[in-house]
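Note sheet for the following structure.
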Amino acid sequence: MGLYLNPNAEAFLEDKSTSIYVDKTLFISELNKMVSTKEDFICMSRPRRFGKSMAGNMISAYYSKGCDTREVFSRMKLGQTSDYDKYLNKFNVIKLDLNGWYQNAKKKNGHTDLIQLIEETVADEFREQYPKIISVEDNSIYRCILKIYKELGEKSVIIIDEYDVLIREKVPQDLFDQYLSFLNGLFKDTTLRPAIALAYITGIIPIVRDKVQSKLNEFIEYTMLRSSQFASHIGFTREEVESLCAEYGMDKDECARWYDGYRLSETADIYNPLSVVMSMRNREFDSYWSATGSFEALKDYIMMDFAGIKQDVIKMIAGESVPVNVTKFQNTLQSITNKDNAFTYLIHLGYLVYNRKEQTCSIPNEEVRREWVNAIDDEENYAPIMQIITASKKLLDATINGNEAMVAAALDAAHTEVTNPLTYNDEYCFQSAICLAYFYANTRYTLVKELPTGKGYADLVLIPYLPNIPAMVIELKHNKSAESALQQIKDKNYCQALNNYKGDLLFVGISYNEKTKEHKCKIEKVER
């Protein structure tokens, strides 16, 4: 047993002993299908704090010969499968946290001999555990793995957490070249491939498509763009979160509004695990994930002077989706030369979510949306938008109080900022303007656009999740009267969606005239 070769299960057991722990061991069942196949090189990229390291600890505890975890796994979900122990504690596991190595080396010596230090340290542990086979001349991980396989027929599992740290950081070229050589030795050499039962590397961004890809082109990638069968195994699923909400007495719908939104497959809605855990512990929904990193990373990219980026940022903050082409991003910061590449990078960072079917991106949830607002605050280019957001509380109060003139005036400003002369009369863009103008309403309501109800679709329905405030049905009309919008709510029975709501209702009819650019508003209160 060593620190890096055949580690014990302490890291996994420590994770498991936390007060809130979700059993993700079925992940191993999927990995076992790939062991010693053509699919046994896996790269898993996810945003920070999404559970990648915990998954690595679990995988190591399962495969490592340095521990006996039969009893632990037999009592978990994996233990209920027929072949849960197929590869249990049967491989030499090499587990490296590359970020940890990098940060420590940088503090000590400027990281110039980082790769050599990794190679020698792991080789020393091989020598300690296999003194009769590994000699002093065997001073690389490559030589040690190959020699153990040749002499004993024993295969290895390689786990590298944050493999991309040297790609994301601005490291000296000589260090980067050493790293490429290190990757080449482990994963490119066909002689070594049979000796590796599984290679599992994680990072925030996918494999770089130039020099690094040539070293890692054997890997199958599972990313925020395409997660396939692993979609539900990194991060919390809806079912897992709803179970936690029931246990801790938290509102599941409000939890979804704050932390859901990462739909990585047709069947998997993924929540941010860190934020869910913190909200359960504190019994309060708040921005937890954003507190673990600076919003400057987001700000740097949405403030770039790319064509169309400002308009799309405004739409997404208002709750809309925008088109994105994710196919040209080379997975390097240097390749962010246009809006599409910037948005693709933000998808990988977790600030956006990708809809593969529609080929669009959007802000996933309330927690992240607040981060976007923080990023544009105090930026002159976005000052009018921040004014609308700041004024949105007064607009909500005006609506509840029936101040029709104030509502109309606020929508004049929002409609102008969210749209441009070519899209001003687009009803979809007008709906974005409404959502932006009612930004503050997100702290009191769940906003649902195009809600099927009655004899059609209500343009916007605001459903309260706090007591003593009215629900709202908002209907929009183009070149027609606000009164006609109000009448349509009644004629088509749009309030049917709120039949189970016991409080008062507000019917809000809004119209705009494309020639005068003026809005009109009519509000009717229905007491129940």
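In this chain, numbering begins with 1 at the start of the sequence shown.
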Leu298 vs Glu371, side chain to side chain contact (heavy atoms under 4.5 Å, CB included): CA-CA, chis, key distance, verdict | CA-CA 8 Å; Leu298 168 62; Glu371 192 77 349; 4.1 Å; yes

Roughly how far, to the nearest 0.5 Å, is the CD1 atom of Ile336 from the CE atom of Met304?
-> 5.5 Å

Do Leu264 and Arg46 come within less than 4.5 Å of each other through their side chains, counting heavy atoms only?
-> yes

Counting distance only, does the side-chain N/O of Asn513 pair as donor-acceptor with the main-chain N or O of Lys515 below 3.5 Å?
-> yes

Flag, side chain of Trp372 to backbone of Tyr351, donor-acceptor distance under 3.5 Å = yes

Taking atom CZ of Arg226 as the centre, report whether more than 12 heavy atoms of other residues, nucleotides or ligands fall under 6.0 Å from it.
-> no

Is the side chain of Glu404 donor-acceptor paired with the backbone N or O of Ile523 at a distance under 3.5 Å, no angle test?
-> yes

Taking all heavy atoms of Cys495 and all of Val473, pick out the closest pair and write down the distance.
-> CA-CG2, 4.5 Å

For Tyr354, side chain to side chain donor-acceptor pair (under 3.5 Å) partners two or more places apart | none

Asn479 and Glu514 side chains, donor-acceptor separation under 3.5 Å = yes

Shortest non-hydrogen contact from Cys43 toward Tyr163 = SG-CE2, 3.9 Å

Would you indicate whether Lys449, at its atom NZ, is surrounded by more than 12 heavy atoms from other residues, nucleotides or ligands within a distance under 6.0 Å?
-> yes

Using modelled atom types only, decide if a donor and an acceptor are shared between the side chain of Ser481 and the backbone of Ser484 within a distance under 3.5 Å.
-> yes

Take the angle between the ring planes of Phe219 and Phe41 and call it parallel below 30°, perpendicular above 60°, tilted in between.
-> tilted

Interatomic spacing from OH in Tyr102 to CZ in Arg168 - rounded to 0.5 Å = 10.0 Å

Can Gln359 and Asn355 be counted as having a side-chain donor-acceptor contact under 3.5 angstrom?
-> no

Chi angles and distances behind the ring-ring contact (aromatic ring centres under 6.0 Å, His included) call for Phe50, Tyr262 | CA-CA 11 Å; Phe50 255 63; Tyr262 298 100; 5.2 Å; yes

For Phe285 and Asp251 the tightest heavy-atom approach is CZ-O, 3.5 Å

Supply the atom-to-atom distance Cys435 SG to Asp459 CG, rounded to the nearest 0.5 angstrom.
-> 10.0 Å

dist Phe230:CZ -> Ile220:CD1 (nearest 0.5 Å) comes out at 8.5 Å

Does the Ser511 side chain pair with the main chain of Lys480, one donor and one acceptor, at a distance under 3.5 Å?
-> yes

Contact check, side chains of Ile474 and Leu476, non-hydrogen atoms, under 4.5 Å = yes

For Leu274, does its backbone N or O pair with a side-chain atom of Arg49 as donor and acceptor, under 3.5 Å?
-> no

Does some side-chain heavy atom of Val322 sit less than 4.5 Å from a side-chain heavy atom of Met316?
-> yes

Distance-minimising heavy-atom pair for Phe343 and Val324 = CB-CG2, 3.9 Å

Taking side chain as C-beta onward, heavy atoms only, is Met386 less than 4.5 Å from Val373?
-> yes

Does NZ belonging to Lys24 count more than 12 external heavy atoms closer than 6.0 Å?
-> yes

Ignoring hydrogens and angles, tell me if any N or O in the side chain of Arg257 forms a donor-acceptor pair with the backbone of Asn442 under 3.5 Å.
-> yes

Find out whether Ile20 and Tyr248 are in side-chain contact, i.e. whether some heavy atom of one side chain is under 4.5 Å from a heavy atom of the other.
-> yes

Between Asn104 and Trp101, is there a donor-acceptor pair closer than 3.5 Å when you use the side chain of the first and the backbone of the second?
-> no

Could you go through the salt bridge (Lys or Arg N to Asp or Glu O under 4.0 Å) check for Lys52 and Glu162 one step at a time?
-> CA-CA 9 Å; Lys52 301 186 299 295; Glu162 297 202 63; over 6 Å; no

Does the distance from a Lys or Arg side-chain N to an Asp or Glu carboxylate O, for Arg263 and Asp269, drop under 4.0 Å?
-> yes

Can you find a heavy atom in the side chain of Thr446 that is under 4.5 Å from one in the side chain of Leu462?
-> no

Decide whether a cation-pi geometry holds between Arg48 and Trp289; the criteria are a distance under 6.0 Å from NZ or CZ to the six-membered ring centre and an angle within 45° of the ring axis.
-> yes

Distance-minimising heavy-atom pair for Ile205 and Tyr345 | CG2-CE1, 3.5 Å

For the residue pair Leu411 and Cys521, establish whether any side-chain heavy-atom pair is separated by less than 4.5 Å.
-> no

CD-OG distance between Glu221 and Ser228, expressed to the nearest 0.5 angstrom | 11.5 Å

Please assess Met472 against Leu505 for the test side chain to side chain contact (heavy atoms under 4.5 Å, CB included), listing each intermediate value before the final yes or no.
-> CA-CA 6 Å; Met472 300 186 199; Leu505 304 180; over 6 Å; no

Please report the shortest heavy-atom distance between His519 and Ala408, naming the atom on each side.
-> O-CB, 3.3 Å

Does atom CD of Glu14 have more than 12 heavy-atom neighbours from other groups under 6.0 Å away?
-> no

Only one of Ile270, Asn272, Val353 clears side-chain contact (heavy atoms from CB on, under 4.5 Å) with Pro364; which?
-> Val353

Taking the inter-plane angle between the rings of Tyr259 and Tyr288 on a 0 to 90° scale, is it parallel (under 30°), tilted (30 to 60°) or perpendicular (over 60°)?
-> tilted

Once you round to the nearest 0.5 Å, how far does CD of Gln330 lie from OG1 of Thr344?
-> 11.0 Å

Quick one: are Leu451 and Val448 in side-chain contact, heavy atoms under 4.5 Å?
-> yes

Ignoring hydrogens and geometry, is there a side-chain-to-backbone donor-acceptor pair from Ser243 to Glu240 under 3.5 Å?
-> no

Please determine, by modelled atom types, if Asp260 and Asn365 share a side-chain donor-acceptor pair under 3.5 angstrom.
-> no

Check against side chain to side chain contact (heavy atoms under 4.5 Å, CB included), Glu524 and Lys490 | CA-CA 11 Å; Glu524 184 174 312; Lys490 301 173 186 177; 2.7 Å; yes

Can a donor-acceptor pair be found between the side chains of Ser275 and Glu367 at a distance below 3.5 Å?
-> yes

Can you say whether the rings of Phe27 and His233 are parallel (under 30°), tilted (30 to 60°) or perpendicular (over 60°)?
-> parallel

Would you confirm whether Ser362, through its side chain, and Ser321, through its main-chain N or O, come within 3.5 Å as a donor-acceptor pair?
-> no

Residue Tyr501 excluded, over 12 heavy atoms near OH under 6.0 Å = yes

Would you call Lys520 and Glu483 a salt bridge, using N to O less than 4.0 angstrom?
-> no

Should Lys339 and Asn325 be marked as a side chain to side chain contact (heavy atoms under 4.5 Å, CB included) after you check the CA-CA gap, both sets of side-chain angles, and the distance that decides it?
-> CA-CA 9 Å; Lys339 178 185 68 175; Asn325 181 351; over 6 Å; no

Modelled atom types, side-chain donor and acceptor of Gln488 and Glu475, under 3.5 Å = yes

Checking side-chain contact (heavy atoms from CB on, under 4.5 Å) against Lys393, which of Leu396, Asp397, Thr390 comes through?
-> Asp397

